[in-house]
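Written below as C-alpha cells is the structure these notes are about.
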Amino acid sequence: MTHLSVEMLAADAAEPITTAGHAQLGIAVLAGIAVIVLLITKFKLHAFLSLIIGSLVLGAVAGAPLDKAIASFSTGLGTTVAGTGVLIALGAVLGRLLADSGGADQIVDTILAKSGRGAMPWAMVLIAGIVGLPIFFEVGIVLLIPVVLLVAKRGNFSLMRIGIPALAGLSVMHGLIPPHPGPLAAIDAVKANLGITLALGVVVAIPTAILAGPVFSRYAARWVDIQPPEKMVPERAGDDLEKRPGFGITVATVLLPVVMMLAKALVDIVVDDPEHTVQRVCDVVGSPLIALLTAVLVAMFTLGRAAGFTRGRIAGTVEKSLGPIAGVVLIVGAGGGFKQTLVDAGVGQMILDVSKGWNISALLLAWLIAVAIRLATGSATVATISAAGLVGPLAADMSTTHAALLVLAIGCGSLFFSHVNDAGFWLVKEYFGMSVGQTLKTWSVMETLISVVGIGCVLLLSLVL
C-alpha cells in the first residue's frame with residue numbers, strides 16, 4: 001500500500017484535503033463503499049474501475065476539490081503498484097515455475113504416496129499449505145483440483161472429505177501469509193514488520209487450517225455427500241514431462257523466501273542494532289523483494305532446468321505468468337488509491353477519534369470492518385485493502401507484535417462467509433459440481449470457520465504477546 005509514516009499521517013490529519021466534520025466524513029465513506037459494492041455486484045463493473053469511481057465519490061461527498069481527490073488516488077495507486085505490485089509479479093513467476101515444471105505435482109505425489117487412508121485429509125491440507133505459499137488462490141485451485149478429484153475417486157472418498165482440507169489450506173495461506181497480495185498490502189498500510197507478521201501468521205494459520213480443513217470436512221462430507229464429477233478432471237502439467245524436479249529441492253525452493261524473511265525477523269529481535277553488520281545484511285537479504293527475486297532465480301535452475309526446460313522455455317514460462325496477474329495488480333493498486341483518498345480526507349483520523357470512546361479491541365474492530373466489506377464486495381483483497389486503510393492509524397501506538405496481529409485480524413475478516421458475489425464461490429461450485437445450496441453449506445461455512453477461528457487465535461495471542 002502507500003508508504004506513509006506516522007508523522008505523515010499526523011500531518012494529513014492536521015491538514016486534510018477537506019475540512020468536513022465527522023458526520024460528513026462518515027457519510028462519505030459509506031457512499032464511497034456503497035458505490036463500489038453497487039458497481040461490482042449490480043452492474044458487474046470490474047473492481048478496478050469500481051474502486052476508481054468509488055474513490056472519486058468519496059472525495060466529492062467529503063467536500064474535497066476534485067483535483068485533490070484525483071491526486072490522492074493517483075499517489076496511492078502509484079506507490080502501491082511500485083511496492084506491492086512488484087512482489088505480486090515475482091510471486092506469480094515463482095508459482096508458474098512451480099506448476100509448469102511439475103514441481104507441484106512432485107510435492108503432491110510424494111506426500112500422497114506416504115499417507116494412509118485415514119491421514120489423507122491431513123495430507124491434503126499439508127499439500128495445499130505448501131503449494132499455496134507462493135501462488136494465488138485461484139491458481140492453487142486449478143493446480144490441486146486434479147489431485148483432489150483423483151484421490152477422491154481412487155480412494156472412494158466423499159469429495160468433501162478431500163476437497164475441504166485442500167481449500168482450507170489454500171484459503172488460509174491466501175488471507176494470512178505473505179507474499180499474497182492482501183497480507184502484503186495490509187502490512188504496508190499498517191506499517192507492520194513483515195517477518196514478524198509472517199511468523200505470527202504461521203502460528204495462526206496452523207490451528208485455523210486444521211479446524212476448518214480436516215476436522216470440518218467430517219461434517220461437510222455428511223451434509224454434502226457427492227462424488228467427483230468426471231468432466232472436471234483436467235490433465236496435470238507434470239504428466240507431459242519426461243522428468244521433473246525432486247521433492248526435497250522443490251520444497252526447499254518454495255520455502256526459500258519464507259526462510260529468508262523469517263531470518264531477518266529473528267535477527268531484528270536478537271541483534272536489535274540497525275548499525276550491526278549482520279542486521280544490515282539480513283535487512284537486505286530478508287527484504288520481500290530480494291527474498292522473492294532470489295527464489296525466482298533459484299527456481300529457474302532447481303525447477304525449470306531440472307524439468308529439462310531450455311532457456312527459451314523458461315523465458316516463456318516467466319512471460320506467461322505475468323499476463324494473468326495484470327488485473328490483480330490493477331485492483332490492488334486501485335485499492336491503494338482508495339485507501340490514500342480515505343487517509344487524505346481525514347477518515348483514518350476520524351476512526352481513531354471515534355473509536356477512542358469505544359470499549360472494543362482495535363483488533364476486533366479491524367476484523368469487523370473487514371467482515372463488512374468482504375460481505376458487501378465479495379473480494380478478500382478489496383476488503384483487506386479498504387479495512388487496512390481505515391484502521392491504519394490505530395497501529396500508530398501499537399507494539400511491533402500487535403501491529404502484526406492487526407494485519408492478521410484484517411486478513412481473517414477478509415475471508416468471512418464467501419457467497420454469490422465472490423468469484424471464488426463460483427470457481428469452487430463449478431469445479432466440484434455442486435449446487436449453490438451445497439456450496440453455501442460447505443465452502444461458505446468453511447470460509448466463515450477460518451475467519452472466526454483465525455480472529456480467536458489472534459485475540460488469544462494478543463493476551464500473551
Quick check: does any side chain N or O of [X] sit under 3.5 Å from a backbone N or O of [Y], one acting as donor and the other as acceptor?
| X | Y | value |
| --- | --- | --- |
| Ser171 | Ala168 | no |
| His419 | Leu375 | yes |
| Ser462 | Leu459 | yes |

Closest heavy-atom pair and its distance - [X], [Y]:
| X | Y | result |
| --- | --- | --- |
| Thr341 | Gly59 | CG2-N, 4.4 Å |
| Val204 | Gly454 | CG1-O, 3.8 Å |
| Ile410 | Ala387 | CG2-CB, 3.9 Å |
| Pro165 | Ala128 | O-CB, 4.4 Å |
| Val458 | Cys412 | CG2-SG, 4.4 Å |
| Pro178 | Leu176 | CD-O, 3.7 Å |

Flag side-chain contact, heavy atom, 4.5 Å: [X] against [Y]:
| X | Y | result |
| --- | --- | --- |
| Leu49 | Phe43 | no |
| Ile385 | Leu51 | no |
| Val202 | Ile177 | yes |
| Ser444 | Phe425 | yes |
| Phe432 | Thr439 | no |
| Leu94 | Leu98 | no |
| Leu406 | Leu363 | yes |
| Leu159 | Met434 | no |

Please identify each residue that fulfils side chain to side chain donor-acceptor pair (under 3.5 Å) with [X], with sequence neighbours left out.
| X | answer |
| --- | --- |
| Thr384 | Ser414 |
| Ser321 | none |
| Thr401 | Ser399 |

How many angstroms lie between atom [atom1] of [X] and atom [atom2] of [Y], to the nearest 0.5 angstrom?
| X | Y | atom1 | atom2 | value |
| --- | --- | --- | --- | --- |
| Leu365 | Ile360 | CG | CD1 | 5.5 Å |
| Ile162 | Ser217 | CD1 | OG | 7.5 Å |
| Leu368 | Phe416 | CG | CZ | 9.5 Å |
| Ile373 | Leu390 | CD1 | CG | 5.5 Å |
| Gln438 | Lys429 | CD | NZ | 9.5 Å |
| Leu58 | Ile27 | CG | CD1 | 12.5 Å |

(request) Say whether Ser418 and Trp443, considering side chains only, have a donor N or O and an acceptor N or O under 3.5 Å apart. (result)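 Yes - a donor-acceptor pair under 3.5 Å links their side chains.
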(request) Anything under 30° is parallel, anything over 60° is perpendicular, the rest tilted; go ahead and classify His46 against Phe48. (result)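 Rings of His46 and Phe48: perpendicular, over 60°.
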(message) Just to verify, what does Asp283 make a salt bridge (Lys or Arg N to Asp or Glu O under 4.0 Å) with, not counting sequence neighbours?
(response)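 For Asp283 the salt bridge (Lys or Arg N to Asp or Glu O under 4.0 Å) partners, ignoring immediate neighbours, are Lys264.
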(message) Going by the rule ring-ring contact (aromatic ring centres under 6.0 Å, His included), which residues pair with Phe309 if we only count those two or more places apart in sequence or in a different chain?
(response)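 Partners of Phe309 under the ring-ring contact (aromatic ring centres under 6.0 Å, His included) test: none.
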(message) Between Leu408 and Leu405, is the side-chain contact (heavy atoms from CB on, under 4.5 Å) condition met? List the steps.
(response) CA-CA 5 Å; Leu408 297 177; Leu405 291 175; 4.2 Å; yes
(message) side-chain contact (heavy atoms from CB on, under 4.5 Å) for Asp344 and Phe73? Distances and angles first, verdict last.
(response) CA-CA 9 Å; Asp344 288 350; Phe73 178 84; over 6 Å; no
(message) Does anything in residues 438-449 form a salt bridge (charged side-chain N to carboxylate O under 4.0 Å, His left out)? List the pairs, not counting sequence neighbours.
(response)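 Residue pairs with at least one partner in residues 438-449: Arg374-Glu447.
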(request) Please step through side-chain contact (heavy atoms from CB on, under 4.5 Å) for the pair Leu56 and Ile70, ending with a clear verdict. (result) CA-CA 7 Å; Leu56 296 177; Ile70 293 172; 3.8 Å; yes
(message) Let's go through Asp100 and Leu303 carefully: what are the C-alpha distance in whole Å and the side-chain angles of both, what is the deciding distance for side-chain contact (heavy atoms from CB on, under 4.5 Å) to 0.1 Å, and is it a yes or a no?
(response) CA-CA 9 Å; Asp100 287 1; Leu303 301 181; over 6 Å; no
